[in-house]
Amino acid sequence: MDRQSSQPTLQTIAVVGLGTMGTGIAEVLARAGREVIGIDVSESAARRAAASLASATARSVTRERLTEQERADVLARFRTFTDLAAAAEADLVIEVVPESYEVKQQVFRELDAIVRPDTILATGTNALSVTRLAAESQRPERVLGLHFFNPAPAMKLVEIVSCVLTAPPAVDAVTELARDLGKEPVAVGDRPGFVADGLLFGYLNQAAAMYEAKYASREDIDAAMRLGCGLPMGPLALLDLIGVDTARTVLEAMYVSSGDRLHAPAPILGQLAEAGLTGQKSGRGFYTYEAAGSSTVVRDLQTPPDGSLLGSGRPVSSVGVAGSGTMASGIAQVFAQAGYDVVLAARSQKKADAAKAAIGKSLGRAVSKGRLTQEAADVTLGRITPAGSLDAFAEVDLAVEAVAEDLAVKQELFATLDKVCKPGAVLATTTSSLPVIAVARVTSRPQDVIGMHFFNPAPAMKLVEVVRTVLTADDVHATVREICVKVRKHPVDCGDRAGFIVNALLFPYLNNAIKMVEQHYAGIDEIDAAMKLGGGYPMGPFELLDVVGLDVSLAIEKVLHKEFRDPGLAPSPLLEHLVAAGCLGRKTGRGFREYARR
């Protein structure tokens, strides 16, 4: 009796479907000491799964993470079959067959006649209704969702999905199993996409639509989200990894449930799927790959031409930066470190001097961390001239404004730059949400005006969104792209519309996370954990909202809603209420979470 009580509750586990996900789940279970019954109708899939486990464990031996005996034990615990009858002895069955109600229902019907009455049946779906699958089972109380993330051995998140029919003991047993596997279980209710994919796929869909509209190249969309948000992959590359057909299926299920246009699959997803261009697995999707199953991208007809084809830019040796806040001083530091003479102009000499002093402290921190020599810091600081008036911009070749995100303020500043700056000077705005053309039109030279959206903190963040208006001259565009490379930033091109690339994709995702909380579907901690562990995001959406500032977030969401007129982009009432209450995030000590006052 004592020996039996020390055994895990779920010791023998069947995995039905030995594709990439099923094979990964089987590996996780076998390594954790479970007896694993792998089942696939395809003998070749079963052989590949066994070979994959053999290869993965061999690498672990080479890296001294397993001994040869431990490897032999893991391999002995994994047996493969082609008949569902092999699941008869299982305590838990996890199905990861194709995302089709018909296929999954057939599997569940057959399992009903095979497994013990107390065996738990788990579906690995990320798009279909667990409730619907459970309702058609003979014992719906033992059916739940167990959603691993790919690659299962590496990803920590497991979403445990219960419905109104699920018995709590089944949820408890599977939750205990997930923890024993070294995973982080998050309990969620039954809705398409659950938490992580529910937020992720809406964002991926919008990225596909952005590319389809030819607003930006696939390379620039992906680079923008990697460098601007710290994501491990760009959205279009991720769609190719997931499978374009799989993404389309998930989005269709989400749209049927939500009716939200943001979930209506972008037409290009259907076109690619129907053409068999499903991503890495077929060798071509949004990108072209060396071969089917390869992750190595090769050039194709959609690959952008070399930047040298843009033509020559204007010569730039001196730069003016207008503003005295964190962004302005960060941009001034970036230019000075790259060897440019910089005039840093504020509303008063005192403010300009303070901004230069802030740069000095920033450089000092870099010296203390060994990233910069003291001599280089001194030279950089010496290139910056503080000024109390924009009149000091008379001879600069490039003027960059980094003042308040207020259209009237920016228009007034650009009207002044138009009078002060010499003919041929490039005038750039760092706006993140306002129309660049609206500031260009207050000048007599709109052809010289362009958007140059740096990300905060400017010295650290590699991305710059280069925003052309319909009036921006070609050589002005070429100038800014050349300068971005010289100051070691990665430029991405986009048109003059609200949010550009990053904010247009980021803030609807953040807004949808807030709506999940409003609807009592999941809590902020569960959602943050799901996106960090399941999506590889550096911060959860509520952590990020509190850092950005809820007032800033609301302003951007209002601009997006006004521009695109999509009901799904309407700011969440909860966000509006928090802003009205003065709960703006970390800067006020309270946003979605409370913070200790410094």
**OP:** Give a yes or no on whether the backbone of Ser432 and the side-chain of Glu405 come within a donor-acceptor separation of less than 3.5 Å.
**Re:** yes
Original post:
When you look at Asp448 and Thr443, which way does the side chain to side chain donor-acceptor pair (under 3.5 Å) test go after all the steps?
Top reply: CA-CA 9 Å; Asp448 292 342; Thr443 73; over 6 Å; no
Subject >> Closest contact, heavy atoms only, Ser324 versus Ala346 >> reply: CB-CB, 3.8 Å
**OP:** Write down the atom of Ala224, the atom of Leu463, and the distance for their closest heavy-atom approach.
**Re:** O-CD2, 3.5 Å
Original post:
Where the side chain of Asp397 meets the backbone of Ser317, is there a donor-acceptor pair that is under 3.5 Å apart?
Top reply: yes
**OP:** Check whether any side-chain N or O of Thr479 sits under 3.5 Å from a backbone N or O of Arg314 as a donor-acceptor pair, and report yes or no.
**Re:** yes
**OP:** May I have the step-by-step check of salt bridge (Lys or Arg N to Asp or Glu O under 4.0 Å) for Arg445 and Asp418, ending in yes or no?
**Re:** CA-CA 8 Å; Arg445 40 175 149 174; Asp418 189 35; 3.0 Å; yes
Subject >> Check: Asp220 main-chain N/O paired with Asp493 side-chain donor or acceptor under 3.5 Å >> reply: no
Original post:
Does Glu563 reach the main-chain N or O of Ala498 with its side chain, forming a donor-acceptor pair under 3.5 Å?
Top reply: yes
Original post:
Arg590 pairs by side-chain contact (heavy atoms from CB on, under 4.5 Å) with which of Lys587, Arg593, Glu594?
Top reply: Glu594
Original post:
If only atom types and distance count, is the side chain of Asp496 paired as donor or acceptor with the main-chain N or O of Ile437 below 3.5 Å?
Top reply: yes
Subject >> With Ser553, the side-chain contact (heavy atoms from CB on, under 4.5 Å) member among Leu544, Val548, Leu578 >> reply: Val548
